[in-house]
> 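Here it is, the structure in full.
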Amino acid sequence: MRRDPDGPDGLGLDPDAILTIQHVSQLLMVPSPTLRSWERRYGVPAARRSAGGHRRYSHDDLHDLRRMRDDIARGYPAAEAAARVHRREITVADPLVDRFLEAAHRLDPAGVRNALDEALEEFGLDVAVDAVLLPALRELGRWWQIGRCDVAHEHLATDVARRWLARFTTTESQVDQQRPIVLSCGPRDCHGIGLESMAAMLQARGWRCLMLGAQTPATALRLAVEQSDAVAVVLVSHLSMARRSSVESLRGCRRPNTILFYAGNAFLTRQARQGVPGTYLGTNLSRAADLISAYVAAEYDGEGPVPTGRRAIPAEPR
Ligand code: B12
């Protein structure tokens, strides 16, 4: 996977992109023979075929395969993981979003935490973040805007969310020989939950992360990248008024062997991504975490340490 430093939108993230089995295998770090046997044995997914009969995967297929991989990594037998994929979890996550919101509205931190813990238990970290935590925070923002809740409810929910995410981001790094992934908000940005969620997902995938967090000056980010010889940078900016200083900060990090990634509502439109160095990560965090993993693994080209967190998916017999 050759990366283009001034990256177009990551191919892996264009929702309309149709992917080959090689690309899916690289993105998910699942061997192609395993992907073929999952389809043959469990119908996950029912991939379309090209004129030449080759499998062609949509993003929904990628999502299903990611669920299958994560559930097996969490110890589910393949057949049960496939059944859960076919059951489509999103509908099941919604009640947990409601419970998160109701608990925040009652100023009940334990209730908020329990909703997140149940999502983690039921679906694992990736889906708990993408299908429960972030939608709940977005909805809380909408409630604040229509006057249905107060900033107090927002602050309480944010505090519980940050403590919950901190459980997955240990400071003592098991892989301190690894060149780190540096995570930072733009110099004028305070919205860091997306970034902290990404740190949790990357650490769960075995990558070493250095978190600089909210309102990081460009000079501080550059120093951290240089001093740690960072393998990658993830910069998040959420407010359009903060976009320019964030792009400057990202530009300041350009160096030969550091991969640049960016995300956040400040970059939602293609126009806002014009001239921004690096690869845009989109709005699905688990998909972005897989893309960062694939790029960083390619950067190591197998020379460097292999991620430790996730159990490798064994190659299935042909
Ligand atoms: C919690 C919160 C705060 C907290 C942040 C605490 C923290 N440590 O993060 C505090 C109280 C500090 C705060 C402050 C402000 N906030 Co505020 N905040 C929110 C709230 C409720 C949730 C934010 C959140 O975490 N959302 C979850 C995120 C991650 O999900 P998302 O927004 O859908 O993001 C998607 C994509 O952007 C992308 N993404 C986002 N982050 C990342 C990271 C990675 C790695 C990747 C791959 C993708 C990704 O994927 C996400 C999911 O699809 C939002 C409401 C909302 N709609 O989100 C308002 C909101 C963002 N805030 C808003 C505003 C206006 C402010 C203030 C200016 C208010 C003020 N007057 O002071 C300040 C600005 C501070 C600053 N300089 O940044 C507005 C922004 C409007 C706009 N212009 O876009 C919102 C939308 C509220 C509203 N409804 O109006 N806020």
Side-chain angles (χ1 to χ4, degrees), residues 7 9-10 12-13 15 63 90 93 97 100-101 104-105 112 116 125-166 169 181-205 207 209 211-217 232-246 250 259-269 272-273 276 278-293 295:
D9 289 353
L13 292 169
H63 180 77
I90 292 295
V97 173
F100 179 112
L101 290 165
H105 206 247
V112 173
L116 293 173
L125 179 65
D126 285 6
V127 174
V129 167
D130 276 326
V132 177
L133 173 59
L134 302 188
L137 284 172
R138 256 197 316 277
E139 185 60 11
L140 205 57
R142 206 180 61 74
W143 282 17
W144 172 71
Q145 222 170 354
I146 62 173
R148 187 169 164 189
C149 80
D150 183 82
V151 169
H153 304 111
E154 205 186 276
H155 283 205
L156 178 128
T158 306
D159 177 68
V160 175
R162 300 192 65 197
R163 291 167 193 273
W164 186 78
L165 287 167
T169 50
I181 299 173
V182 172
L183 298 104
S184 171
C185 289
R188 302 177 62 191
D189 284 282
C190 297
H191 296 97
I193 300 276
L195 195 71
E196 289 162 22
S197 300
M198 182 50 70
M201 288 179 176
L202 290 171
Q203 205 147 330
R205 286 162 170 76
W207 299 110
C209 295
M211 172 61 77
L212 300 186
Q215 292 182 311
T216 299
V233 171
V234 176
L235 183 133
V236 171
S237 181
H238 230 48
L239 302 176
S240 40
M241 61 89 173
R243 176 188 173 282
R244 182 186 296 276
S245 57
S246 298
L250 208 51
I259 315 166
L260 304 182
F261 300 100
Y262 63 97
N265 290 356
F267 302 109
L268 276 182
T269 64
R273 298 196 287 272
V276 182
T279 297
Y280 173 62
L281 289 170
T283 58
N284 179 293
L285 271 75
S286 49
R287 204 180 281 167
D290 284 334
L291 189 90
I292 294 170
S293 289
Y295 269 106

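The structure displayed is predicted, hence computed values, not measured ones. Counting starts at 1 for both ligands and their atoms, following the listed order.
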> Does Thr169 reach the side chain of Met211, with side-chain heavy atoms less than 4.5 Å apart?
no
> Does the plane of the ring in Trp143 sit parallel, tilted or perpendicular to the ring in His105? Use 30° and 60° as the thresholds.
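Ring orientation of Trp143 relative to His105: perpendicular.
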> Name the option, out of Ala263, Ser286, Cys149, Ala289, that contains the heavy atom nearest to atom 44 (C) of ligand 1.
Ala263
> Taking the side chain as every heavy atom from C-beta outward, state whether Leu235 and Thr216 have any atom pair closer than 4.5 Å.
no
> Quick one: nearest non-hydrogen protein atom to atom 33 (O) of ligand 1, plus distance?
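For atom 33 (O) of ligand 1, the nearest protein heavy atom comes out as Arg138 NH1, 2.5 Å.
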> Do Val236 and Asp189 touch side chain to side chain, with heavy atoms closer than 4.5 Å?
no
> Under 4.0 Å from any heavy atom of Val236, which atoms of ligand 1 are there?
41 (N), 43 (C), 44 (C), 45 (C)
> Quick one: nearest non-hydrogen protein atom to atom 83 (N) of ligand 1, plus distance?
Leu239 CD2, 4.0 Å
> What atoms of ligand 1 come closer than 4.0 angstrom to any heavy atom of Met198?
45 (C), 47 (C)
> Within the protein, is there a heavy atom lying under 4.0 Å from atom 77 (N) of ligand 1?
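There is a protein heavy atom less than 4.0 Å from atom 77 (N) of ligand 1.
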> Would you verify that at least one protein heavy atom lies under 4.0 Å from atom 14 (C) of ligand 1, or report that none does?
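Looking at atom 14 (C) of ligand 1, one finds that a protein heavy atom does lie closer than 4.0 Å.
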> Can you tell which of Ser240, Gly264, Gly194, Ala136 gets a heavy atom nearest to atom 39 (N) of ligand 1?
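Considering heavy atoms of Ser240, Gly264, Gly194, Ala136, the nearest to atom 39 (N) of ligand 1 sits in Gly264.
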> Can you list the atoms of ligand 1 that are under 4.0 Å from a heavy atom of Ala288?
47 (C)
> Protein non-hydrogen atoms only, distance under 4.0 Å: does atom 52 (C) of ligand 1 have such a neighbour?
yes
> Which pair of heavy atoms, one from Ala214 and one from Cys190, lies closest together, and at what distance?
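What the structure gives for the nearest pair is CB-CA, 3.9 Å.
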> CD/Gln203 to CD1/Ile181 distance, rounded to the nearest 0.5 angstrom?
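The CD atom of Gln203 sits 10.0 Å away from the CD1 atom of Ile181.
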> Any heavy-atom pair between the side chains of Thr279 and Ile259 that's under 4.5 Å?
no
> Give the residue, atom name and distance (to 0.1 Å) of the protein heavy atom nearest atom 26 (N) of ligand 1.
Leu137 CB, 3.9 Å
> To check you understand the geometry: which heavy-atom pair defines the closest contact between Ser293 and Leu202, and what is its length?
OG-CD2, 4.4 Å
> If the condition is side-chain hydrogen bond (donor to acceptor under 3.5 Å, both in side chains), which residues does Arg244 pass it with, not counting sequence neighbours?
none
> Ligand 1 and Asn265, any nitrogen or oxygen pair closer than 3.5 angstrom?
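Asn265 vs ligand 1: N/O contact under 3.5 Å present.
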> Check each atom of ligand 1 against the heavy atoms of Ile193 and keep those under 4.0 Å away; list them by number with element.
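The atoms of ligand 1 under 4.0 Å from a heavy atom of Ile193 are 9 (O), 25 (O).
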> Yes or no: does His155 have any heavy atom under 4.0 Å from an atom of ligand 1?
yes
> Considering only the protein, which heavy-atom contact is closest to atom 88 (C) of ligand 1, and what is its distance?
Trp144 CZ3, 3.5 Å
> Quick check on contacts: which atoms of ligand 1 are under 4.0 angstrom from a heavy atom of Leu285?
46 (C), 48 (C), 49 (C), 50 (O)
> Hey, which protein N/O/S atoms does atom 17 (Co) of ligand 1 have under 2.8 Å?
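You should have found His191 NE2.
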> Would you mind listing every side chain to side chain donor-acceptor pair (under 3.5 Å) that reaches into residues 150-162, with sequence neighbours excluded?
Asp159-Arg163, Arg162-Glu196
> Heavy atoms, side chains only, cut-off 4.5 Å: are Pro135 and Arg138 in contact?
yes
> Is there a protein heavy atom at a distance of less than 4.0 Å from atom 65 (C) of ligand 1?
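It does not; no protein heavy atom is within 4.0 Å.
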> With sequence neighbours left out, write down each residue that passes side-chain hydrogen bond (donor to acceptor under 3.5 Å, both in side chains) with Asp130, or none if nothing qualifies.
Ser286
> For atom 85 (C) of ligand 1, is some protein heavy-atom partner under 4.0 Å away?
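For atom 85 (C) of ligand 1 the answer is no, since every protein heavy atom stays at 4.0 Å or beyond.
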> Starting from atom 9 (O) of ligand 1, find the nearest protein heavy-atom neighbour and note its residue, name and distance.
Gly192 N, 2.8 Å
> Show, in sequence, the C-alpha distance, side-chain angles and deciding distance for Asp126 and Leu285, and conclude whether the side chain to side chain contact (heavy atoms under 4.5 Å, CB included) test is met.
CA-CA 8 Å; Asp126 285 6; Leu285 271 75; over 6 Å; no
> Would you name the heavy atoms of Leu183 and Ala199 that are closest together and state the gap between them?
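Shortest heavy-atom separation between Leu183 and Ala199 comes out as CD2-N, 3.9 Å.
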> Do Cys185 and Leu195 come close enough that some side-chain heavy atom pair is under 4.5 Å?
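With C-beta onward as the side chain, the pair touches.
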> Look up atom 60 (C) of ligand 1 and tell me if a protein heavy atom lies less than 4.0 Å from it?
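Yes.
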> Please tell me if the side chains of Leu125 and Met201 come closer than 4.5 Å, counting only heavy atoms from C-beta onward.
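Leu125 reaches Met201 side chain to side chain.
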> Does an N or O from Thr283, backbone or side chain, lie closer than 3.5 Å to an N or O of ligand 1?
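By distance alone, the answer is yes.
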> Quick one: does ligand 1 sit under 4.0 Å from the side chain of Leu268, the backbone, both or neither, non-hydrogen atoms only?
neither
> Identify the two heavy atoms, one from Leu116 and one from Ala161, that lie closest to each other, and give their separation to 0.1 Å.
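It is CD1-CA, 4.4 Å.
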> Are any non-hydrogen protein atoms located under 4.0 Å from atom 70 (C) of ligand 1?
no
> For residues Leu133 and Ser197, report the shortest heavy-atom separation together with the two atoms involved.
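So the two residues come closest at CD2-OG, 3.9 Å.
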> Should the ring pair Tyr262 and Phe267 be called parallel, tilted or perpendicular, given that the plane angle runs from 0 to 90° and is split at 30 and 60?
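Answer is perpendicular, since the angle exceeds 60°.
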> Is the shortest heavy-atom distance from the side chain of Leu239 to the side chain of Asn265 under 4.5 Å?
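They are not in contact (no side-chain heavy atoms under 4.5 Å apart), so the answer is no.
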> Just going by heavy-atom distances, which of Leu134, Leu133, Thr158 is nearest to atom 27 (C) of ligand 1?
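Nearest heavy atom to atom 27 (C) of ligand 1 lies in Leu134.
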> Judging by distance only, is a nitrogen or oxygen of Asp189 under 3.5 angstrom from one on ligand 1?
no
> Counting each atom of ligand 1 from 1 as listed, which ones have a heavy atom of Arg188 under 4.0 Å away?
76 (C), 77 (N), 78 (O)
> Does any N or O of ligand 1 fall below 3.5 Å from an N or O anywhere on Asn284, backbone included?
no
> Would you say Leu281 has any N or O atom under 3.5 Å from an N or O of ligand 1, going by distance alone?
no
